[in-house]
Amino acid sequence: MRGTPGSTLKTILASKLFLFASLIFLILASLTLVRVVTRKMEVNREIAELENKINELEGRNIELTYLIDYLHTDTFEEESARLQLGLKKPGEEVVIISSPAATSLEMIQIQESMNDTSEPEVEEPYNPIKWWRYFFGTEAR
């Protein structure tokens, strides 16, 4: 018998080979731990970015819902009829408040566009059709 079991364990733990193997194992375990922690931080950052994007999109969705609700109201229809089509309610007077930059020509054009009830202009035919009519007096086919 060489010695007691406790002394054999002490000699193994004191050997340089065990120290080297323990050091290699510790380095590999540390590298793995660093990789796992780094990856977890990246995933947490991506999750936070996606949550922020979700919050932004939900806010935008709420705004769009309010806009859609407003577009379906009578108030919007009346306002767009007044602004885009130049309509007014019976008995109402239209008042145009000009800014200092607006010229009298612009004001006349605005008033004419609001009072314009004429038919839309008919587009003139192309030059070849005009020449055909001039020479032959009939419609070009």
Side-chain angles (χ1 to χ4, degrees), residues 1-136 138-141:
M1 256 202 224
R2 283 182 131 181
T4 63
S7 68
T8 309
L9 184 62
K10 284 183 182 179
T11 56
I12 292 175
L13 292 177
S15 74
K16 290 183 180 182
L17 180 63
F18 179 77
L19 179 64
F20 182 72
S22 299
L23 185 63
I24 296 292
F25 176 75
L26 185 62
I27 289 172
L28 290 175
S30 298
L31 289 175
T32 304
L33 181 66
V34 166
R35 286 183 188 154
V36 167
V37 168
T38 305
R39 180 69 183 139
K40 183 174 180 169
M41 287 173 40
E42 288 174 4
V43 168
N44 286 340
R45 184 176 27 93
E46 288 178 21
I47 288 172
E49 289 174 3
L50 291 174
E51 286 174 348
N52 287 338
K53 190 166 187 168
I54 287 171
N55 290 336
E56 289 174 13
L57 291 174
E58 285 176 347
R60 179 78 174 132
N61 191 17
I62 290 170
E63 289 174 6
L64 290 175
T65 303
Y66 288 145
L67 179 63
I68 289 171
D69 290 342
Y70 173 69
L71 293 177
H72 289 298
T73 61
D74 292 334
T75 306
F76 172 74
E77 290 175 5
E78 184 178 321
E79 182 180 331
S80 62
R82 289 172 192 254
L83 294 177
Q84 294 175 358
L85 303 175
L87 299 178
K88 63 180 183 175
K89 286 184 178 179
E92 228 177 24
E93 293 292 324
V94 176
V95 177
I96 299 174
I97 300 173
S98 64
S99 64
T103 64
S104 60
L105 180 60
E106 290 174 342
M107 298 308 298
I108 292 170
Q109 289 174 347
I110 292 171
Q111 288 174 351
E112 287 176 357
S113 67
M114 291 181 71
N115 295 331
D116 189 22
T117 57
S118 64
E119 304 252 341
E121 292 182 20
V122 178
E123 212 174 285
E124 287 193 33
Y126 296 111
N127 268 344
I129 295 174
K130 288 180 183 179
W131 283 107
W132 183 271
R133 288 180 185 164
Y134 179 75
F135 285 113
F136 300 106
T138 59
E139 288 290 319
R141 294 183 188 182

Mind listing the side-chain donor-acceptor pairs of residues 44-62 below 3.5 Å, one per line with the distance, residues two or more places apart or on another chain?
residue	atom	partner	partner atom	Å
Asn44	ND2	Lys40	O	3.4
Asn52	ND2	Ala48	O	3.4
Asn55	ND2	Glu51	O	3.3

Would you call the rings of Tyr134 and Trp131 parallel, tilted or perpendicular if under 30° counts as parallel and over 60° as perpendicular?
->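 Rings of Tyr134 and Trp131: perpendicular, as their planes differ by over 60°.
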Mind running side-chain contact (heavy atoms from CB on, under 4.5 Å) on Thr73 and Glu77 for me, showing each step along the way?
-> CA-CA 7 Å; Thr73 61; Glu77 290 175 5; over 6 Å; no
Between Phe76 and Tyr70, what is the shortest heavy-atom contact and its length?
->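 Heavy atoms only, the tightest pair is CB-O, 3.3 Å.
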Separation between OG1 of Thr32 and CD1 of Ile27, rounded to the nearest 0.5 Å | 11.5 Å
Hey, what do you get for CD (Glu79) to CG (Asp74), rounding to the nearest 0.5 Å?
->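 Spacing of CD (Glu79) from CG (Asp74) equals 12.5 Å.
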Report the residues that fulfil side-chain contact (heavy atoms from CB on, under 4.5 Å) with Ile24, sequence neighbours left out, ordered by chain and then residue number.
-> Phe20, Leu28
Close side-chain approach of Asp69 and Thr65, heavy atoms under 4.5 Å =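 Yes. Closest side-chain heavy atoms under 4.5 Å.
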How would you list, by chain and number, every residue that makes a salt bridge (Lys or Arg N to Asp or Glu O under 4.0 Å) with Arg35, sequence neighbours excluded?
->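 Residues passing salt bridge (Lys or Arg N to Asp or Glu O under 4.0 Å) with Arg35: none at all.
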